[in-house]
Structures are given as structure tokens and as C-alpha cells.
Amino acid sequence: MKILIVEDSPTMRRIVKNTLKRIGYSEFEEAEDGLSALTKLADSSIDFIITDWNMPEMNGLDFIQRVKSNSTYSKIPILMVTTRSVEQDVLKALEAGAASYIIKPFTPQVMREKINEILN
């Protein structure tokens, strides 16, 4: 399974990637914002997306809406991983099409549980 990690912070991308490796995933693409992530989607076969909310160029919420409105990509599951913890933000992300939501910081166990929940 190839996972697209959309996160503007190089440190956080590395943390997400290392966490995914610890729980058994090894194929990744990376993008620093929603716009570059759309390009990665067009250029690669992506099976799962993990995105942040707060990013320049195109934020995670707008990115999710763009992915879900495109019939080519609309079936790709999306997990939002962000510091935004207000209930309204969680609801907005889920309404936009995120399959689930994790608030930073997170543990590998939480990441594994959310991914398994989404895939099953």
C-alpha cells in the first residue's frame, strides 16, 4: 500500500513516516502542501492519504474537498493528522471526506488503530 503524506513540516513528515514504518508500512510519497499533493496523486498510484490541516498554498481541508470531488481519487481513504482539536474542526474534516482524524501528538498505536479502522 502506497501512502501519500501531506505535511508542510519536514520534521513532522519524518515522524509520520517513521511511525508508519514502525507499524509495518514502507511505501510513501511526500508532499509539502495540498497543491503539490494533487500533483503527486496524478503522477503516482496512491492507496491512502495522511494529511495535515494547516499548510501553505492549499490547506488540508481544501485538499480533502478537491480529492473527494474528483472521481479518479474520491475512493482513496484520507486520515487527517493535525493539532486542530476543536470539535467543529473535526466535524468539518469528516464532512469534507476525511475517514478519520488524529490530533497531534499521537502514538504509533493510535496511528495503527485509525488506519486499521479505516481499511476495515
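All values below come from the heavy atoms of this structure, side chains included, with hydrogens, waters and symmetry mates left out.
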Reported CH2-to-NZ distance for the pair Trp53 and Lys92, which is rounded to 0.5 angstrom: 5.5 Å

Euclidean distance, Asp8 CG relative to Met58 CE, rounded to 0.5 Å: 14.0 Å

Considering all heavy atoms, the nearest Phe63-Gly34 contact: CD1-O, 3.6 Å

Worked check of side-chain contact (heavy atoms from CB on, under 4.5 Å) between Tyr101 and Lys114: CA-CA 8 Å; Tyr101 196 99; Lys114 290 292 185 178; 6.0 Å; no

Partner of Leu4 by side-chain contact (heavy atoms from CB on, under 4.5 Å), out of Val67, Thr51, Leu41, Ile78: Leu41

Heavy-atom pair with the smallest gap, counting every atom of Ala96 and Leu61: CB-CD1, 3.6 Å

CA sep, side-chain torsions, deciding dist, call: Arg84, Asn54, side-chain contact (heavy atoms from CB on, under 4.5 Å): CA-CA 9 Å; Arg84 296 176 75 126; Asn54 300 312; 3.0 Å; yes

Test side-chain contact (heavy atoms from CB on, under 4.5 Å) applied to Met80 and Ser100, step by step: CA-CA 6 Å; Met80 181 166 269; Ser100 197; over 6 Å; no

Partner of Asp52 under side-chain contact (heavy atoms from CB on, under 4.5 Å), chosen from Thr82, Val81, Asp33, Thr83: Thr82

Closest non-hydrogen atom pair, Pro77 against Leu119: CG-CD2, 4.4 Å

Shared hydrophobic cluster for Ile115 and Ile15 (ILVMFWY, side-chain gaps under 4.5 Å): yes

Test log, rule side-chain contact (heavy atoms from CB on, under 4.5 Å), inputs Glu27 and Met1: CA-CA 7 Å; Glu27 283 191 78; Met1 179 169 84; over 6 Å; no

Any residue meeting side chain to side chain contact (heavy atoms under 4.5 Å, CB included) with Arg13, in chain and number order, not counting sequence neighbours: Ile5, Glu7, Pro10, Glu30, Glu32

Heavy-atom side-chain contact between Arg112 and Arg22 under 4.5 Å: no

Minimum heavy-atom distance between Ile103 and Ser85, given as atom pair plus value: CD1-CB, 3.6 Å

Euclidean distance, Arg14 CZ relative to Ser9 OG, rounded to 0.5 Å: 8.0 Å

ILVMFWY network linking Ile49 to Tyr25, side-chain heavy atoms under 4.5 angstrom: no

Ile64 with Ile118, same ILVMFWY side-chain cluster at under 4.5 Å: no

Nearest-0.5 Å distance, CD of residue Glu95 to CD of residue Gln65: 10.0 Å

Spatial distance of atom OH (Tyr73) from atom CZ (Arg66) [nearest 0.5 Å]: 10.5 Å

Heavy-atom closest pair, residues Val6 and Ala37: CG2-CB, 3.6 Å

Within one Ile-Leu-Val-Met-Phe-Trp-Tyr cluster: Ile23 and Phe106, side-chain cutoff 4.5 Å: yes

With sequence neighbours excluded, residues passing salt bridge (Lys or Arg N to Asp or Glu O under 4.0 Å) with Lys68: none

Leu94 side chain reached by Val90 side chain, heavy atoms, under 4.5 Å: yes

Spacing of CD belonging to Glu113 relative to CE belonging to Met111, to within rounding of 0.5 Å: 11.5 Å

Considering all heavy atoms, the nearest Ile46-Ile76 contact: O-CD1, 3.6 Å

